[in-house]
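Down below is the structure, laid out as structure tokens.
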Amino acid sequence: MPQKLVFWLLDINYDVESKTPVVNMWGLTEDGKKVLVKDYSFRPYFYVLPKMGVDLSKAVKDIKLLEDPAEPIISIDLVDKKYFGKPVKAIKVTCLIPQSVPSYREKIGRLSWVEDVLEADIRFYMRYLIDNGVNPCDWHEVEVEEEKVPPGFELDAVYRALSRPQPILKDEPPPLKVLSFDIECYNKAGSPVAQRDPIIIISLVANGESKVMTANDHDDSSLLKEFVEYIQKFDPDIISGYNSNHFDWPYIQARAKLHGVKLKVSRELTEPHQSVYGHISIVGRANIDLYDYAEDLMDVKIKTLENVADYLGVMPKDKRILIDYIDIASYWDDPSKRDLLKRYAEEDAVSAYGITMEVLPFAIQLSRLTGVPLDQVLAASVGFRVEWYLMRVAYREGELVPNRVERKYEPYRGGLVLKPKEGLHENIAVLDFSAMYPHLMIKYNIGFDTYVPPEESCNPDECYVAPEVGHRFRTHPPSLYRKALEKLLELRKAIRDEMKKLDPKDPYYILLDNRQRAVKTMTNAMYGYLGWTGARFYLKPCAEATAAYGRQTIMKTIKMAKEMGLNVIYGDTDSIFVKYDESKVRAFIERVEKELGLEIKLEKIYKVCFFTEAAKKYAGLTIDGRIDVVGFEAVRGDWCSLAQEVQSKVLELILVKKNVQAAINYVKDVINKVRSGKVDIKDLVIWKTLSKSLDEYEVEAAHVQAARQLLAAGHRLEVGDKIGFVVVKGASEKISGRVKPYIFASMDEIDKEYYARKQIAALALRILKYFGVSEEQLLTGVKQASLFDFLRR
DNA sequence: AACTGTGGCCTGTCGA
DNA sequence: TCGACAGGCCACAGTT
């Protein structure tokens, strides 16, 4: 009997059942039921773009001739589409099953009259989502007929769709069952090897309750079975782990294979499998790797689970058990320590669960907005998220999606950065354009579909000409980028208006806040997408013109500021720093908005602000007494923490106390402590990322040398790992010749003079030299610096 | 996703 | 052969 079903889309995949493709929508209902909605009515297709002037009826016949009866073509239709904004006749070829698409693409692509075969590489279920306006992580209504639940499926009901799902207005996701897990391996000799080392603990938290499962000494076969059974019984909607896509799941898979254990953890009791963007898919559930999210947390320099959990306030580092990864095996083997190890594992799972609860609301909104399924959206890079969003816009506009092609890297000129006026300044206003690039793209209708190539003519009043670069864009119709951006900006405004009516503690407010953050992220990423040579919609002039308009805008802005008597101290891309004068600044903001048609905002005011001669580096004391440190080594992860601390403290003494002598004394004191070894070696560690494999390095950098030592000692290293090393005494002239991984080093071998000079004094002097302090002054003697008036007026 | 910019250190080159 | 210098490699941060 037909009925209406309302469901929230959690996961999507497809199957082929007796030569019919079926889209499986794994959903949840309002009353918490797990359902599967099967749509048998959608067919895969792609487009063939004929060359100019080709006889289309002959073209259609040619395609028909290529048909393989074993893989039927359902229809061949002539359709009107647009390609790079130009109207084109395309041939839409619809097949019976998705598997036939690649071979037809190949065969048809070889026909002489074919310009290109398009959209043949879009995965079937993504095609379904785009064409039907169905969104992951959103509510839909669909007409259905109930079917039997197939044996082995973990579901409350299965339905056959009788209509296409329609999105309905409903925001709150259903209650989701979340399971986070972590594994510990028996790694006696360096890094664990799946073929050799068993899993000894699987700890997990399911809807807030933790559980620690253990191996039978060194036998993990029953542990694996227990884990599978637990997942089946708890039946989570969300499964998460930390680095689980690249470590836990592959490890579990390898161990399970060894023992012949079937990992029937999906909702159709199939095993996890590798999918797009390097993520692991578990059908019917959303498997999320929290590391994908951690990568975006710029403030966490070393992205271990405990650091991320600490940063998010989920599990404070000083209130939990931490066991060095090297000691895990010995803890397991020592009966008196095994419980401690179990607690450690439990706390890891609790951390993972806590992070999941922080991330999930945002991931849900990002998935809903971009149309990328929840289990993929964090794994997908920014470019792909933007691209899927644009593909939906393109579909609605009848614009054909270009193929993915490999292009060589093509740099272009970017934003304008001013040389700052060095020294101390008082009362500085920071003014910022809001979303400058997006607004410029809209204003000048920039797009691959509005671009006028040099050989083409265009009426001057019907096109915009970008400064410096001269690229032209038609003033109408609106470009695809413009449409996408207008929609995003409009959406953000609507969300923020709605938020204003709510209490910030209201759960709905928090939902909307996550939504507006997702929209903002996408808006900001659009410009970067323009310049990405891997983008389907890539056209270099778009990026070049946008950046050129940006430079023009900021130059005009600076000119206006000067004309109005504002002293411009610094500026970067879309911001200017001026000496604050309330009435002048107010008038300036009005004039900019009137003359440039762009919104500029008074972002903040610094009571005191310090610049060196270098761009992208400054420190400012805000009205509420905080210190912003931008670009200085104190906020960079590649200096030892002691030197960073010294630089921060010096900045504070200068900005707040305005006391140079106190700063000198302080630095000298630290240098003395370093020289006498009265510092913690941990504060001398320098961390650097291994950005490629060791043999790819052209020079012997310090961290590369340290990495080689780690490798020789049996540590497993991967690209992206952070190498922590210290500089030690030795014969070598080169720093790289006398580094040691910090775990091998002791205080007495530290090259204390290196730290005194090249780390501590160097960073202090970065600031103090502007106040007449010399290196010698910090490193030797007790010479008193003369106090002088260092304020610029 | 892009470019801009800083700055350490390595390494090749050039002049003495 | 040695030291100084310059250019390049490298990592990272900041702006969008």
Side-chain angles (χ1 to χ4, degrees), chain A residues 296 298-299 301 380-387 389-390 409-420 430 432-441 481 485 520-538 540 542-551 553-554 570-577 603 611-618 628-640 643-644 686-692 696-705 720 722-723 727 732-739 754 757-759 762-763 765-766:
Chain A
D296 296 339
M298 291 309 166
D299 292 346
K301 306 286 177 197
S381 61
V382 178
F384 287 108
R385 292 177 200 162
V386 171
E387 192 148 278
Y389 181 82
L390 287 173
Y409 172 61
E410 292 188 275
Y412 61 92
R413 268 185 73 201
L416 188 76
V417 186
L418 296 188
K419 275 257 167 285
V430 182
D432 234 322
F433 281 102
S434 11
M436 184 177 79
Y437 284 153
H439 280 114
L440 289 172
M441 288 167 70
Y481 285 138
L485 285 167
K520 189 183 178 184
T521 312
M522 291 293 291
T523 312
N524 288 344
M526 201 66 78
Y527 162 71
Y529 179 83
L530 289 185
W532 177 38
T533 51
R536 286 177 187 265
F537 296 107
Y538 175 75
K540 193 184 175 191
C542 293
E544 238 172 2
T546 305
Y549 275 120
R551 292 191 295 272
T553 302
I554 198 72
Y570 175 64
D572 183 351
T573 314
D574 77 327
S575 69
I576 63 167
F577 290 53
E603 186 71 22
F611 283 92
T612 69
E613 79 290 352
K616 293 188 186 280
K617 281 185 152 191
Y618 60 86
D628 283 346
V629 179
V630 176
F632 276 110
E633 291 77 359
V635 293
R636 293 175 61 101
D638 51 355
W639 289 83
C640 77
Q644 291 188 298
I686 298 162
W687 293 91
K688 278 201 169 132
T689 308
L690 211 58
S691 63
K692 47 192 167 187
E696 284 176 88
Y697 279 93
E698 290 182 39
V699 291
E700 287 304 322
H703 70 302
V704 178
Q705 282 300 334
K722 283 248 196 273
I723 311 294
V727 178
S732 175
E733 287 277 302
K734 288 182 281 191
I735 302 298
S736 62
R738 44 195 176 85
V739 294
Y754 171 82
R757 284 175 68 96
K758 299 286 190 171
Q759 293 273 322
L763 295 203
L765 278 168
R766 207 77 86 210

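Chain naming here is simple, since letters A, B, ... match the order of the sequence lines and numbering starts at 1 in each.
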What distance separates A/Leu418 CG from A/Thr573 OG1, expressed to the nearest 0.5 Å?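 So the gap between those two atoms works out to 9.5 Å.
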Spacing of CH2 belonging to A/Trp532 relative to OH belonging to A/Tyr409, to within rounding of 0.5 Å: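 These two atoms lie 15.0 Å from each other.
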In terms of side-chain heavy atoms of [X], which of [options] is nearest?
X        : options               : answer
A/Arg413 : B/dA2, B/dT4, C/dT16  : B/dT4
A/Asp638 : C/dC10, B/dC9, C/dC12 : C/dC12
A/Pro411 : B/dT6, B/dC3, C/dA11  : B/dC3
A/Tyr527 : C/dT16, B/dG7, C/dC10 : C/dT16
A/Glu698 : C/dC9, C/dT16, C/dC12 : C/dC9
A/Pro438 : B/dA2, B/dT6, C/dT16  : C/dT16
A/Lys419 : C/dT16, B/dT6, C/dC10 : B/dT6

Where each residue is assigned the nucleotide of DNA chain B containing its nearest heavy atom, which of A/Gly528 and A/Val417 is assigned the position nearer the 5′ end?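 Looking at the nearest nucleotide for each, A/Gly528 comes out on the 5' side.
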Would you say a side-chain N or O of [X] is under 4.0 Å from OP1 or OP2 of [N]?
X        : N      : value
A/Lys540 : B/dA2  : no
A/Thr689 : C/dC12 : yes
A/Tyr754 : B/dC9  : yes
A/His703 : C/dA11 : yes
A/Tyr409 : B/dC3  : yes
A/Lys616 : B/dC3  : no
A/Tyr697 : B/dT11 : no
A/Lys692 : C/dC9  : no
A/Arg536 : B/dA1  : no
A/Lys688 : C/dC9  : no

Touch check for [X], heavy atoms < 4.0 angstrom, all strands: base, sugar-phosphate only, or nothing?
X        : answer
A/Tyr618 : sugar-phosphate
A/Ser381 : sugar-phosphate
A/Arg766 : sugar-phosphate
A/Lys520 : nothing
A/Gly531 : sugar-phosphate
A/Val704 : nothing
A/Asn524 : nothing
A/Asp432 : sugar-phosphate
A/Ala543 : nothing
A/Ser736 : sugar-phosphate
A/Tyr412 : sugar-phosphate
A/Glu410 : sugar-phosphate
A/Tyr437 : sugar-phosphate
A/Val630 : sugar-phosphate

Rounding to an integer number of Å, can you tell me how far [X] [atom1] sits from [N] [atom2]?
X        : N      : atom1 : atom2 : value
A/Arg551 : B/dC3  : CZ    : C1'   : 10 Å
A/Asp572 : B/dT4  : CG    : P     : 11 Å
A/Trp532 : B/dA1  : CH2   : P     : 6 Å
A/Lys617 : C/dT15 : NZ    : P     : 14 Å
A/Arg385 : B/dA2  : CZ    : C1'   : 16 Å
A/Met298 : C/dG14 : CE    : C1'   : 11 Å
A/Asp296 : B/dA1  : CG    : P     : 10 Å
A/Gln705 : B/dT11 : CD    : C1'   : 14 Å

Between the side chain of A/Glu410 and the main-chain N/O of A/Thr533, is any donor-acceptor distance below 3.5 Å?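 No; zero donor-acceptor contacts below 3.5 Å.
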Would you say [X] has more than 12 foreign heavy atoms packed within less than 6.0 Å of its [atom1]?
X        : atom1 : result
A/Lys540 : NZ    : yes
A/Lys520 : NZ    : no
A/Arg551 : CZ    : yes

Note, A/Tyr697 side chain near A/Leu690 side chain (heavy atom, < 4.5 Å):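 Yes; the side chains approach each other to less than 4.5 Å.
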Closest approach of A/Gly414 and A/Ala547, non-hydrogen atoms and distance?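 Heavy atoms only, the tightest pair is CA-CB, 4.0 Å.
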